[in-house]
A.B. asks: 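Dropping the structure in here first, questions after.
Reminder, nothing fancy here: chain letters follow the sequence lines and each chain counts from 1. This structure is a prediction, so every number in the text was calculated from the model and none was measured.
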Amino acid sequence: MLAAWRTVAQRRQCPRAPALLAAARHLASQTATASAQSASVAAEVPSSSSGSEPSARLSSSSQQQEERMDFPGGSVPFTAAMSFLGGTFSPRAPLPCYRTIDSAGLAIADADIPHELDQETAVKMYKTMVTLQTVDVIFYEAQRQGRFSFYMTSSGEEATAIGSAAALTNDDVIFSQYREQGVIMYRGFSVQDMAHQCFGNIHEQGKGRQMPIHYGSKSLNFHTISSTLATQLPHAVGAAYALKLQKRNACAVAYFGEGAASEGDFHAALNFAATLKAPVVFICRNNGWAISTPATDQYRGDGIAGRGPGYGMASLRVDGGDARAVYNATAAARKIAVEQQVPVLVEAMSYRSGHHSTSDDSSRYRAAEEMRQWRARDPVARFQRWLVDQGWWSDAQDTSARQEARRDVIKALETAQKAPKPPLSAMFEDVYARMPWHLEKQQAEVFAHVRTHPDACPADIPVK
Amino acid sequence: MAALQQTAAADAAAAAAAAAAASPATASLSQCDQQQQPEVAKMNFCNAVNSALHIAMGEDPKTMCFGEDVAFGGVFMCSRGLLERFGRDRVFNTPLSEQGIVGFAIGAAAEGYRPIAEIQFADYIFPAFDQITSEAAKYRYRSGGVYDVGGLTIRAPYGAVGHGGHYHSQSPEAFFTHIPGIQVVMPSGPREAKGLLLAAIRDPNPTVFFEAKMLYRTAVEDVPEGDYEIPLGKARVAQQGSDITLVGWGQQVRVLELAAREVAERDGISCEVVDLRTLLPWDADTVEASVRKTGRLLVSHEAPVTSGFGAEVVSTITDRCFYSLEAPPARVCGYDTPFPLIFEPLYLPTARRIADAIRSTVRHHG
């Protein structure tokens, strides 16, 4: 660097030479510190300037070609060749998709399995999948029957949610999008809890304020879902940073879809996580569709995992329909995040077998053949096959588990539907820590209105 | 009068200098022991903010200060000395992304930390608007109260500086007063700033704190060196009067005081000046009591007049004081244009425009 400026100064008989040299010396002395903190560029290519003596370089510099550019972001090698990378120019091969079980559910020989699945965990995973599938089917039908207003299934993505949840500890803080009910269920959120939330009754934590499926549970370390996409990603980074300062053996985990990854918050979150070194695992469910928008209308690069290295982040693509691969990917990612206190990106490739929500009919924009092909490699069936091959599950157990799940889900719906709604006062509480005067006034207005017009208040909301 | 021939920017500077020369009122130090005078020092607005940050950071290891350029002390030097004292884990630069800064802060607050996030200019707060309204404001309510981001404070310099143009002069407070779930605070001077900022940081609700950047250097007052708070949600009667109530916030309060002095000296009109301090929730009771007494209301803010916060004040007070009003409430505000550079002297609600409006309001007959 110093050599470069000296050569330039000499060649051009530049009147600013002394100033240039002084600046170069200053920058050279800064480079040693800068290199230690430098970004991915310097991390990929070893810096030649760190540790070298400025004075030594000065004395031998006049004959040397400058080889590297040192700048405040790090150090990059020079080249006289001009070659574009990416786009249509020497496109990079897509990141391969890690899997350990094939589409039929047969174990793949010699797959990397750094985290073996023990029987207890595997069976718990599968049982949760069974319950999840049952909930998704019955709750969807309940919405169609008008029992509650809205529902979103996660068909086709059970392995992504449950495989990843199984690899986490209860201290890991979860920020999800909306299609990861398998995660909160694995943690212990019961079918009854889910039903209560969907009915917005007095037993649900959210006090009837949000639409169905907006689950949350502080005791399960699962932040309340919001409908806005990708906003949870920077939250996970801030939460991870807090965990880091507390030196906890825990990470934050952020779930999101490939569509949400187009939002600016995705970029902000990954950049912050890498730059501030936050122990967060980003798990993208690339399920191919954002409502009616296929992934080919969502991005042109190598999916979501392909973006990670650009932020300086370790990234892995995994078969989201292979529960064992997802489990391993998440366990490995968590280990990196917690041990190195850095972020990791995992992209789980899968397929949204169901509609976007009860407000959607995907047959309007999807080919039946495509859906049929993906149903044929249903993640739950694949994992079941593998489980049976281990001798850990049987058809009889399956039948009985599904019957029991069905009974539980139906009963949960009935119980939730009968339960009272939160009182009218819940409308104005929790906007602030303590109700300010203007909300007290407005609350009084609403009560006065309901006293005058009792039929204005929904019949199931207690007026208190 | 020479004062009225200056721009409003100069108005505020003149008012600031006048305030510095005047003896400090201790009425605003609501939580200070009045028996023993607190140790005070001459501080400008920036020093006052810095002092509050040092106290907040020192009392709670879960407090953090971050944003663009915060580490070296901040482009306005409000975070000076914090890195050296508290270390780079808690005082740090973030990448250049307001949505990232606020989103990150929300996550930390949701896990019990007390992040003080700096947005470099209020003009650049808009990328963070989604995080503020969709997330911070709703975090407690949507979780049924089990989660919250009460520890979050967002600080941003706002307001005219004389040469800021479109993107270094704006007063965006009105957008934020329309968000249920957050608080909006705008101190009018150094002593107010320190007390209000400490209250905002400690308050269990997410708070947006707008600092009048032109006052950073120009406003100098005696400010207690120790710890004190000024309550949120409570307006301050900056001066008492009988003929008309002037309501403002932030640096505009000084312009109101200038106009009040002008009409007192020239026209014998007695103005009561109310500094709202907090816009959300705002102290309508104090303004109501004042307008019941004076019978006249004038609200002034730099932000464009249409849908500015003055509209909320006028509407609420008209509702409460309709039969006490002698004249229609007046608003003297910025115009509905992007903040112009060379036209700033005419764009801003100057003391002269306010004085003219005071006169016509007082002389108004139905």
A.B. asks: Identify which part of A:Tyr215 has an atom lying under 4.5 Å from any heavy atom of chain B, answering side chain, backbone, both or neither.
C.D. replies: neither

A.B. asks: Between B:Pro281, B:Pro204, B:Ala108, B:Pro95, who has the most heavy-atom pairs with chain A when the cutoff is under 4.5 Å?
C.D. replies: B:Pro95

A.B. asks: Please classify the contact between B:Leu280 and chain A as side chain, backbone, both or neither, with a heavy-atom cut-off of under 4.5 Å.
C.D. replies: side chain

A.B. asks: Using 0.5 Å steps for rounding, measure from the CG atom of A:Asp430 to the CZ atom of B:Arg142.
C.D. replies: 13.0 Å

A.B. asks: Can you tell me which portion of B:Ala109 sits under 4.5 Å from chain A's heavy atoms? Options are side chain, backbone, both or neither.
C.D. replies: neither

A.B. asks: Nearest 0.5 Å, what's the CG-CD distance between A:Asp265 and B:Gln131?
C.D. replies: 4.5 Å

A.B. asks: With a 4.5 angstrom heavy-atom cut-off, is it the side chain or the backbone of B:Asp285 that approaches chain A, or both, or neither?
C.D. replies: neither

A.B. asks: Within a radius of less than 6.0 Å around CZ of B:Phe86, do more than 12 heavy atoms belonging to other residues, nucleotides or ligands occur?
C.D. replies: yes

A.B. asks: Judged by atom type as modelled, is there a donor-acceptor pair below 3.5 Å linking the side chain of B:Tyr113 to the main-chain atoms of A:Ala239?
C.D. replies: no

A.B. asks: Rounded at 0.5 Å granularity, tell me how far NZ in A:Lys277 sits from CG in B:Asp89.
C.D. replies: 11.0 Å

A.B. asks: Within the structure provided, determine whether B:Glu135 and A:Ser226 are in side-chain contact (heavy-atom separation under 4.5 Å).
C.D. replies: yes

A.B. asks: Of the backbone (N, CA, C, O) and the side chain (C-beta and beyond), which part of B:Ala110 lies under 4.5 Å from a heavy atom of chain A, both, or neither?
C.D. replies: both

A.B. asks: Select, from B:Gly100, B:Ala105, B:Pro127, the one with the greatest count of heavy-atom pairs under 4.5 Å involving chain A.
C.D. replies: B:Gly100

A.B. asks: Non-hydrogen atoms of chain B under 4.5 Å away: do they reach the side chain of A:Leu276, the backbone, both or neither?
C.D. replies: side chain

A.B. asks: Quick one, A:Tyr241 and B:Phe92 - any side-chain contact, counting heavy atoms below 4.5 Å?
C.D. replies: yes

A.B. asks: So which residue, A:Thr231, A:Thr228, A:Val173, ends up with the most heavy-atom pairs under 4.5 Å with chain B?
C.D. replies: A:Thr231

A.B. asks: Does the A:Tyr432 side chain pair with the main chain of B:Ile182, one donor and one acceptor, at a distance under 3.5 Å?
C.D. replies: yes

A.B. asks: So which of A:Ala273, A:Ala269, A:Gly264, A:Gly216 has the largest heavy-atom pair count under 4.5 angstrom toward chain B?
C.D. replies: A:Gly264

A.B. asks: Is the number of heavy atoms from other residues, nucleotides or ligands under 6.0 Å of A:Phe150 CZ greater than 12?
C.D. replies: yes

A.B. asks: Are A:Thr224 and B:Lys138 close enough that some pair of their side-chain heavy atoms sits under 4.5 Å apart?
C.D. replies: no

A.B. asks: Can you tell me which of B:Trp282, B:Tyr147, B:Phe104 forms the most heavy-atom pairs within a distance under 4.5 Å of chain A?
C.D. replies: B:Tyr147

A.B. asks: Quick check for you: among B:Arg140, B:Gln183, B:Glu111, B:Glu98, which has the greatest number of heavy-atom pairs under 4.5 Å with chain A?
C.D. replies: B:Arg140

A.B. asks: Which one of B:Thr316, B:Val102, B:Ile101, B:Asp148 has the most heavy-atom pairs closer than 4.5 Å to chain A?
C.D. replies: B:Ile101

A.B. asks: Quick one: what part of A:Thr275 sits under 4.5 Å from any heavy atom of chain B, side chain, backbone, both or neither?
C.D. replies: side chain

A.B. asks: Can you tell me which portion of A:Phe266 sits under 4.5 Å from chain B's heavy atoms? Options are side chain, backbone, both or neither.
C.D. replies: neither

A.B. asks: Against chain B, label A:Ala278 side chain, backbone, both or neither, depending on which of its atoms sit under 4.5 Å from a heavy atom there.
C.D. replies: neither

A.B. asks: Counting only heavy atoms closer than 4.5 Å, note whether A:Ser217 contacts chain B via side chain, backbone, both or neither.
C.D. replies: backbone

A.B. asks: Sort by residue number and list every residue of residues 204-214 of chain A having at least one heavy atom under 4.5 Å from chain B.
C.D. replies: A:Gln205, A:Gly206, A:Lys207, A:Arg209, A:Gln210

A.B. asks: When rounded to the nearest 0.5 angstrom, what distance separates CG in B:Asp283 from CH2 in A:Trp437?
C.D. replies: 8.5 Å

A.B. asks: Does the plane of the ring in A:His223 sit parallel, tilted or perpendicular to the ring in B:Tyr139? Use 30° and 60° as the thresholds.
C.D. replies: perpendicular

